[in-house]
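Quick note on labels: first sequence line is chain A, next is B, and so on, each numbered from 1.
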There are 2 protein chains.
Amino acid sequence: MNNKEIQEERVRGYFLDATKNILKGEGLKGISVRSVAQEAGYSFATLYNYFKDINDLVFLCVKDFQQEISEFVDTQSGKARKPETKIAEKTLAYIKYFAEYPGIFELFYLTKAVDFNHKKESMEIITNSLDMICEKEWKAFDKGKGVTPKEIDHMRNLLRHTVIGMMLLYLNRRQPEDYLEFVKEAEKEINTILKLH
Amino acid sequence: MNNKEIQEERVRGYFLDATKNILKGEGLKGISVRSVAQEAGYSFATLYNYFKDINDLVFLCVKDFQQEISEFVDTQSGKARKPETKIAEKTLAYIKYFAEYPGIFELFYLTKAVDFNHKKESMEIITNSLDMICEKEWKAFDKGKGVTPKEIDHMRNLLRHTVIGMMLLYLNRRQPEDYLEFVKEAEKEINTILKLH
DNA sequence: TAAACATAATAAACAATGTTCAAATAATTA
DNA sequence: TAATTATTTGAACATTGTTTATTATGTTTA
């Protein structure tokens with residue numbers, strides 16, 4: 001990478017950081033060509049020298065956020081016991097992350113697919129987001145006797161759908177209204193799906 | 001209701017119908033003050049004589065759509081057998097409705113709560129949408145022996161969350177890509193939750 | 001009937017948004 | 001230093017939601 005590329009990459013980073021800050025704070029409603037550029041310290045027109053459009057910039061954040069979520073989940077979940085228990089812990093941490101940053105949930109799950117245009121990579125990161133977080137544990141679960149791979153596949157799908165549905169209703173429809181109640185309900189549903197008691 | 005009120009109600013109806021048509025066709029992206037007014041046959045400014053703003057108008061559609069969904073589900077689901085079977089059938093029909101009209105899913109579940117402003121009624125219709133559709137069957141289920149009310153409550157929550165999560169991923173993230181596969185997966189998850197085999 | 005009034009519909013105007021492009025500025029090179 | 005290249009930017013345009021003053025229409029009253 002030559003000097004020019006290094007410098008370009010730096011400027012791109014300023015815009016990316018600005019976008020991430022706004023998303024974590026105000027969410028998508030705070031994002032505009034002008035607000036991002038101001039936060040980055042450039043004119044709004046400069047943005048178009050480094051990114052195709054504002055969507056392009058927003059969806060480039062997906063990768064970084066998935067990384068951040070992964071790290072957050074690791075700090076939250078305890079030391080290894082049964083894989084199912086670990087999956088339950090990680091999934092709950094996953095939920096708590098999005099409850100803290102609703103703007104990132106919005107970006108991951110509530111933006112329309114058509115806005116992604118040709119950002120197939122970001123799309124796939126999101127689709128597999130939770131599964132990737134628990135990848136190791138699902139594999140370990142698979143090795144343990146008594147559950148067929150098909151059943152595990154089914155559990156993983158069910159878990160993903162339930163978690164996303166719960167978050168959607170809580171973050172977008174205020175149901176349940178109370179955070180603690182939300183977490184309690186989430187624990188209960190996760191445990192049911194994973195057959196933990 | 002005097003003549004004036006009747007006529008006002010009629011004009012409101014024209015705008016409402018226009019909005020519903022656009023939502024069923026193009027979805028929220030097709031909605032604008034100008035497009036709705038054009039479809040209704042009025043100037044865009046006229047809209048503000050009858051509705052607070054464009055959001056007001058859009059959220060007034062919720063009630064009508066919930067009614068329409070309810071009727072659709074009734075035509076789709078067969079004659080009564082076990083309540084659980086009926087719930088499964090109705091839930092699948094519910095899913096199929098939204099798969100046909102993604103714009104209405106968008107309106108029901110993907111719009112931000114803050115946009116609802118003071119439209120608490122629309123909000124509650126949505127929150128209880130699926131539960132209302134299957135209300136009778138859940139009650140019948142409750143009367144059948146062998147399942148506690150608490151367990152039923154839990155099943156209802158789990159079903160709601162899973163269904164919404166599935167629809168979100170299919171309609172917003174194209175996962176699974178294929179409609180038939182989506183329906184098959186939905187059936188499987190619904191049956192698991194309702195303990196049907 | 002004609003003037004005064006009330007109501008309904010609208011056009012004009014404004015602010016905020018995304019985007020493009022030519023001009024201005026900064027950096028590099030001969 | 002002058003010329004060239006690269007980067008940054010302001011001006012401009014289209015589209016959006018919303019407000020407000022004006023027009024058009026119908027009704028009431030002197």
Side-chain angles (χ1 to χ4, degrees), chain A residues 1-19 22-23 25-61 103 106-107 110-112 114-119, chain B residues 1-19 22-23 25-61 103 106-107 110-112 114-119:
Chain A
M1 207 158 62
N2 60 32
N3 286 354
K4 192 189 148 175
E5 287 170 332
I6 290 173
Q7 286 163 20
E8 273 190 13
E9 205 49 40
R10 246 177 227 147
V11 176
R12 247 187 285 276
Y14 301 145
F15 278 103
L16 215 58
D17 285 344
T19 308
I22 295 174
L23 282 173
E26 305 174 64
L28 273 175
K29 70 177 183 304
I31 296 285
S32 77
V33 178
R34 284 161 176 85
S35 71
V36 168
Q38 167 150 24
E39 176 97 5
Y42 286 92
S43 154
F44 60 88
T46 308
L47 191 149
Y48 290 91
N49 298 327
Y50 293 91
F51 303 92
K52 193 183 139 285
D53 55 29
I54 184 71
N55 277 334
D56 193 30
L57 182 47
V58 165
F59 292 125
L60 278 172
C61 298
E106 219 183 327
L107 169 61
L110 304 185
T111 48
K112 269 155 269 145
V114 71
D115 294 337
F116 278 81
N117 226 339
H118 293 296
K119 280 266 156 281
Chain B
M1 210 158 62
N2 60 34
N3 287 354
K4 191 190 149 179
E5 287 170 333
I6 289 173
Q7 286 161 21
E8 271 189 14
E9 205 48 42
R10 245 176 227 149
V11 176
R12 246 187 286 276
Y14 301 146
F15 277 102
L16 214 59
D17 285 344
T19 308
I22 295 174
L23 282 174
E26 307 174 61
L28 274 175
K29 71 177 182 305
I31 296 284
S32 77
V33 178
R34 285 160 176 87
S35 70
V36 168
Q38 167 151 23
E39 176 97 7
Y42 286 92
S43 154
F44 58 87
T46 307
L47 191 150
Y48 290 92
N49 297 330
Y50 293 90
F51 303 92
K52 194 182 139 286
D53 55 29
I54 184 72
N55 277 333
D56 193 30
L57 182 47
V58 166
F59 291 125
L60 279 172
C61 298
E106 219 183 328
L107 169 61
L110 304 186
T111 48
K112 268 157 269 143
V114 72
D115 293 336
F116 278 80
N117 226 341
H118 293 296
K119 281 264 155 283

Seminar exercise, completed: Between CG of Asn49(A) and C1' of dA26(C) the distance, given in whole Å, is 14 Å
For this session: Would you jot down, in residue-number order, the residues of residues 36-46 of chain B having a non-hydrogen atom under 4.0 Å from DNA chain D?
Result: Phe44(B)
For this session: Write down the distance between CD (Glu8(B)) and P (dT7(C)), rounded to a whole number of angstrom.
Result: 10 Å
Seminar exercise, completed: CG (Leu57(A)) and OH (Tyr48(A)) are apart, to the nearest 0.5 Å, by 10.0 Å
For this session: Please state how far atom CG in Leu57(A) lies from atom P in dT19(C), giving the value in whole angstrom units.
Result: 11 Å
Seminar exercise, completed: Taken to the nearest 0.5 Å, the spacing of Tyr50(A) OH from Asp56(A) CG works out to 14.5 Å
Exercise. Out of dG17(D), dT8(D), dG18(C), which nucleotide sits closest to the side chain of Arg34(B)?
Worked result: dG17(D)
Seminar exercise, completed: Separation between CZ (Phe51(B)) and CG (Leu60(B)), nearest 0.5 Å, reads 6.0 Å
Exercise. More 5' along DNA chain C: Leu47(B) or Val33(A), using each one's nearest nucleotide?
Worked result: Leu47(B)
For this session: Compare all side-chain heavy atoms of Val36(B) with those of Phe15(B) and state whether any distance is below 4.5 angstrom.
Result: yes
Exercise. In whole Å, what is the span from the CD atom of Gln7(B) to the C1' atom of dA6(C)?
Worked result: 14 Å
Exercise. Within the structure, does a side-chain N or O atom of Tyr50(A) lie under 4.0 Å from either OP1 or OP2 of dT8(D)?
Worked result: yes
Problem set entry | Nearest-angstrom distance from the residue atom CG of Asp53(B) to C1' of dT18(D) | 9 Å
Exercise. Could you state the interatomic distance from CD1 (Ile31(A)) to OG1 (Thr19(A)), rounded to the nearest 0.5 Å?
Worked result: 5.0 Å
Problem set entry | Rounded interatomic separation in angstrom, taking CD from Glu5(A) and P from dT7(D) | 11 Å
Problem set entry | Val58(A) and Leu28(A), any side-chain heavy atoms less than 4.5 Å apart | yes
Exercise. In Å and rounded to the nearest 0.5 Å, what is the CZ to CD1 distance from Phe44(B) to Ile54(B)?
Worked result: 12.0 Å
Exercise. Tell me: CD1 of Ile6(A) to P of dT7(D), nearest whole Å?
Worked result: 14 Å
For this session: Check the distance between dG10(D)'s P and Tyr48(A)'s OH and give it to me in whole angstrom.
Result: 15 Å
